[in-house]
Number of protein chains: 2
Amino acid sequence: MGTTKTEHFTDRQNSIATLAKALGHPARIAIIDYLLTVDSCICGDIVNQLPLAQPTVSQHLKELKNAGLIKGNIEGTAICYCIDEASIANVHDFFTNISNQLKIKNKSCC
Amino acid sequence: MGTTKTEHFTDRQNSIATLAKALGHPARIAIIDYLLTVDSCICGDIVNQLPLAQPTVSQHLKELKNAGLIKGNIEGTAICYCIDEASIANVHDFFTNISNQLKIKNKSCC
DNA sequence: TTTATATATTGCAATATTACGATAAATAAT
DNA sequence: ATTATTTATCGTAATATTGCAATATATAAA
């Protein structure tokens with residue numbers, strides 16, 4: 001036990017859950033926030049923006065990357081990270097659909 | 001260690017992360033999916049829709065409720081759960097903002 | 001080649017999550 | 001009052017996550 005039973009859910013459910021899970025930590029939201037504020041992608045100073053040690057930040061970046069939310073390129077000795085628009089669009093669509101379905105639904109709920 | 005350092009992040013970052021985290025499990029995505037398909041709110045059969053035992057489902061429902069994504073009313077011996085539109089709107093707005101900012105941003109990234 | 005800089009990985013301790021059997025609580029039906 | 005039904009809670013085992021010090025790796029600069 002302790003393991004999520006992914007086999008029993010649809011690919012779509014699993015993939016949305018994976019994206020949501022990756023965003024389920026304030027440090028990772030802060031990273032996304034930061035990536036949106038910088039024009040250039042050389043993001044070596046994310047560590048300085050966060051109240052966490054470098055290995056911890058590196059780990060959070062890795063999780064965002066594994067989930068497909070950000071991509072990274074080696075840029076000399078620094079690394080350029082940036083948001084993967086497609087994955088954001090994916091999650092955005094998910095919530096847009098829910099919002100639309102809720103508008104259609106019977107309002108006499110709870 | 002092992003605990004998230006919430007104190008060091010903004011309220012907005014923490015609250016988005018909380019909502020995202022609650023959606024970070026396929027069973028909870030499946031619950032949201034199901035709540036969208038039923039017209040009536042009497043949702044006692046969520047357990048039958050999921051490949052999980054009743055206590056596990058109850059726990060997932062509790063987490064969605066704690067995060068504010070669903071609300072529940074006692075309806076006789078059954079319980080009526082439904083989606084909280086405001087919280088969905090919250091998360092939806094978050095991704096809409098990101099999408100908009102990405103459109104504005106320099107495309108020459110990574 | 002040596003040194004500095006930037007990032008990743010390893011290893012580990014503390015805590016959280018996932019899942020479920022057993023059981024409780026609370027109402028409905030008989 | 002007793003029994004069935006529905007949902008919640010407790011306890012617990014297995015696993016995952018969070019965070020960091022120490023260390024490795026890899027390129028840039030001297």
Side-chain angles (χ1 to χ4, degrees), chain A residues 1-9 13-14 17-18 20-31 34-35 38 40-67 70-82 110, chain B residues 1-9 13-14 17-31 34-35 40-67 70-82 110:
Chain A
M1 285 153 225
T3 330
T4 299
K5 290 186 158 184
T6 49
E7 336 73 82
H8 296 112
F9 300 98
Q13 286 165 343
N14 281 313
T18 298
K21 190 175 186 179
L23 291 167
H25 192 291
R28 297 195 288 266
I29 298 292
I31 289 171
Y34 180 68
L35 287 178
V38 287
S40 148
C41 286
I42 291 90
C43 302
D45 41 1
I46 295 176
V47 173
N48 299 320
Q49 303 288 324
L50 295 182
L52 297 169
Q54 180 268 323
T56 309
V57 173
S58 184
Q59 198 173 296
H60 283 305
L61 287 167
K62 192 180 178 184
E63 274 173 73
L64 286 170
K65 200 174 176 185
N66 283 343
I70 63 174
K71 25 186 189 176
N73 272 350
I74 293 166
E75 198 92 4
T77 168
I79 284 200
C80 158
Y81 275 116
C82 43
C110 302
Chain B
M1 285 152 226
T3 330
T4 297
K5 289 188 157 182
T6 50
E7 335 75 80
H8 296 111
F9 300 97
Q13 286 165 343
N14 281 314
T18 299
L19 291 168
K21 190 176 186 179
L23 291 167
H25 192 291
R28 298 196 287 266
I29 298 292
I31 289 172
Y34 179 69
L35 288 178
S40 148
C41 285
I42 291 91
C43 303
D45 40 4
I46 295 177
V47 173
N48 299 320
Q49 303 288 324
L50 295 181
L52 297 168
Q54 180 268 324
T56 309
V57 174
S58 184
Q59 199 173 294
H60 283 305
L61 286 166
K62 193 180 178 184
E63 273 174 71
L64 285 170
K65 200 174 176 185
N66 284 343
I70 63 174
K71 23 186 189 176
N73 273 351
I74 292 166
E75 198 90 2
T77 168
I79 283 200
C80 159
Y81 275 116
C82 43
C110 299

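Chain identifiers are assigned alphabetically (A, B, ...) following the order of the sequence lines, protein sequences preceding nucleic acid strands; residue numbering begins at 1 within each chain.
Separating the NE2 atom of A:His25 from the C1' atom of D:dT18 is a distance of 6 Å, rounded to the nearest angstrom. For the pair B:Ile31 CD1 and D:dT7 P, the interatomic distance rounds to 12 Å; values are reported in whole Å. Summarising the geometry, the separation between CD1 on B:Ile46 and P on D:dT5 is reported as 20 Å, rounded to the nearest angstrom. For the pair A:Lys62 NZ and C:dA6 P, the interatomic distance rounds to 21 Å; values are reported in whole Å. The CG atom of A:Leu61 sits 14 Å away from the C1' atom of C:dT9 (whole-angstrom rounding). B:Leu64 places its CG atom 13 Å from the P atom of C:dT17, with the value rounded to the nearest Å. Straight-line distance from the CD1 atom of B:Ile29 to the P atom of C:dT18: 12 Å, rounded to whole Å. If you measure from atom CD of B:Gln49 to atom P of D:dT6, you get 14 Å, rounded to the nearest angstrom.
Here the side chains of A:Pro55 and A:Gln59 are not in contact, with every heavy-atom distance at 4.5 Å or above. The shortest distance between side-chain heavy atoms of B:Ile29 and A:Phe9 does not fall below 4.5 Å.
Nearer the 5' end of DNA chain C, as judged by each residue's closest nucleotide, is the contact made by A:Gln59, out of A:Thr4 and A:Gln59. Judged by closest nucleotide on DNA chain D, A:Lys21 is the one of A:Lys21 and A:Thr77 placed further toward the 5' end. Of the residues near DNA chain C, A:Thr56 and A:Lys5, the one whose nearest nucleotide (by heavy atom distance) lies more toward the 5' end is A:Thr56.
The nearest pair of heavy atoms linking B:Leu64 to B:Ala22 is CD2-O, 3.8 Å.
Taking only side-chain nitrogens and oxygens, B:His60 never comes nearer than 4.0 Å to OP1 or OP2 of C:dT17. Side-chain nitrogen and oxygen atoms of B:Tyr81 include none within less than 4.0 Å of the OP1 or OP2 phosphate oxygen of D:dT6.
Within 4.0 Å of A:Glu63, counting heavy atoms only, lie sugar-phosphate atoms of the nucleic acid but no base atom. Nucleic acid contact for B:Lys65: none, since no nucleic acid atom lies under 4.0 Å from a heavy atom of the residue. Using a 4.0 Å heavy-atom distance criterion, A:Ser58 is classed as a base contact.
Scanning atom types as modelled, one donor and one acceptor separated by under 3.5 angstrom connect the side chain of B:Gln54 and the base of D:dA8.
Across D:dT15, D:dA21, D:dT6, the shortest atom-to-atom separation from the side chain of A:Thr3 is found for D:dT15.
Note: B:His25 and B:His60 have tilted aromatic rings, judged against thresholds of 30 and 60 degrees for the angle between ring planes.
Each of B:Ile46, B:Asn48, B:Val47 was compared with B:Leu50 under the side chain to side chain contact (heavy atoms under 4.5 Å, CB included) criterion, and only B:Ile46 meets it.
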